[in-house]
There are 2 protein chains.
Amino acid sequence: MARAATTSDVFNAIAEPQRRQILVLLRSGERPVTELARELGMTQPGASKHLRVLREVGLVRDRKAGKQRLYGLDARGLRPVHEWTGGFERFWSGSFDRLDAYVQDLKQERQEE
Amino acid sequence: MARAATTSDVFNAIAEPQRRQILVLLRSGERPVTELARELGMTQPGASKHLRVLREVGLVRDRKAGKQRLYGLDARGLRPVHEWTGGFERFWSGSFDRLDAYVQDLKQERQEE
DNA sequence: TTGACGCATGCCGATATAGGAATATGATGG
DNA sequence: CCATCATATTCCTATATCGGCATGCGTCAA
């Protein structure tokens, strides 16, 4: 088997640097495909392909606007990623002054995926 | 070109579900390869390969312990991921009652990658 | 030294990319 | 209806996996 399809998993979708750049750009508002392509220095088909992946995992939504198609951010799908990484926060934030909570959380962690 | 090498990017390294599981397990302490493989239902070579990727991006470290090799977590590399996704937090947390900060941040965002 | 054990690596096959080029599809204006 | 602009899709190539299997290598005990 090869790598899991990017199309089915947000973690995979944001593994691509250019797709992350697209998401960052979309934070400041909707944009048509061509403008995204121009701002990121990629071809129009390239932008369309990345946008398709992002759409299929639900991170962007598209809206017809006359001849153009405006892509907008729907970042809710990033929340699980934020929370998953947040589960490791105690390992980089300060020292282990919160060791109590750490030890008490162990049981729960065993059950997370 | 194909997809970027997982070995050079934390985002790619954690795009693999089994690798995420390994990281979760390691939160509760160091473990030898065989135990990880057993707990996650994968083969020993499979576990070794995933651990190699995680080691190359710096998310785990290994330590020789006699015949065994103990792998331990070094989750600092997850911090950039947590912070990057955190940059989208206002899009999922509550409504836009923090619209002021949102608008004021726009200039800075333009410069992020 | 010889096994036995734990782990890493090499090789293979099947698959999923990312990117480029050309083209198809869609919508708009005249 | 036609020409044009904006996007999407298809075809193709090179490459990077992931998983299974066999094997190499280092360490420890007898």
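Quick note on labels: first sequence line is chain A, next is B, and so on, each numbered from 1.
For the pair B:Leu51 CG and D:dC18 C1', the computed distance is 15 Å after rounding to whole Å. C:dT17 atom C1' lies 11 Å from atom NE2 of A:His50, rounded to whole Å. As a whole-Å value, the separation of B:Ile22 CD1 from C:dC7 P is 13 Å. Put simply, CD1 on B:Ile14 is 14 Å from P on D:dC18, counting in whole angstrom units. Spacing between atom CD of A:Glu56 and atom P of D:dT9 amounts to 9 Å, rounded to whole angstrom units. If you take CG of A:Leu54 and P of C:dT17, they are 13 Å apart, rounded to a whole angstrom. Between the CE atom of B:Met42 and the P atom of C:dG6 there is a distance of 18 Å, given to the nearest Å. Between the CZ atom of B:Phe11 and the C1' atom of C:dA18 there is a distance of 19 Å, rounded to whole Å.
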Below 3.5 Å, can you tabulate the donor-acceptor pairs from side chains in residues 70-80 of chain B to any protein atom, sequence neighbours excluded?
residue : atom : partner : partner atom : Å
B:Tyr71 : OH   : B:Arg55 : NH2          : 3.0
B:Asp74 : OD1  : B:Arg76 : NE           : 2.9
B:Asp74 : OD2  : B:Arg76 : NH2          : 2.9
B:Arg79 : NE   : B:Glu83 : OE2          : 3.0

*Take B:Phe88 and A:His82, measure what side chain to side chain contact (heavy atoms under 4.5 Å, CB included) needs, and give me the verdict at the end.*
CA-CA 9 Å; B:Phe88 296 84; A:His82 188 68; over 6 Å; no
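When the side chain to side chain donor-acceptor pair (under 3.5 Å) test is applied to B:Gln18, no partner is found at least two apart in sequence or on another chain.
At the phosphate of C:dT9, OP1 or OP2 sits under 4.0 Å from a side-chain N or O atom of B:Arg52. The side chain of A:Lys64 contributes no N or O atom lying less than 4.0 Å from OP1 or OP2 of C:dG26.
With A:Arg19 as the fixed residue, the side-chain contact (heavy atoms from CB on, under 4.5 Å) test singles out one of A:Val24, A:Val53, A:Leu40, A:Val60: A:Val53.
Of the charged side-chain nitrogens involved, none lies within less than 4.0 Å of a carboxylate oxygen, so that B:Arg20 and B:Glu16 do not count as a salt-bridged pair.
Taken residue by residue, residues 67-74 of chain B places heavy atoms nearer than 4.0 Å to DNA chain C at B:Lys67, B:Gln68, B:Arg69, B:Tyr71.
Counting non-hydrogen atoms under 4.0 angstrom, A:Thr34 reaches the backbone sugars and phosphates but no base.
The nearest pair of heavy atoms linking A:Asp9 to B:Ala15 is OD2-O, 3.7 Å. The two residues B:Arg90 and B:Gly87 have their closest heavy-atom pair at NH1-O, 3.7 Å. Across every non-hydrogen atom of A:Thr85 and A:Trp92, the tightest pair is O-CH2, 3.5 Å.
Remark on DNA chain C: of its neighbouring residues A:Ala65 and A:Gln18, the 5'-side contact belongs to A:Gln18, judged by nearest-heavy-atom nucleotide.
B:Val81 is listed as a side-chain neighbour of B:Val10, based on a closest heavy-atom distance under 4.5 Å.
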Considering only nitrogen or oxygen atoms on both sides, find all protein atoms under 3.5 Å from nucleotides 21-23 of chain D and state each distance.
none

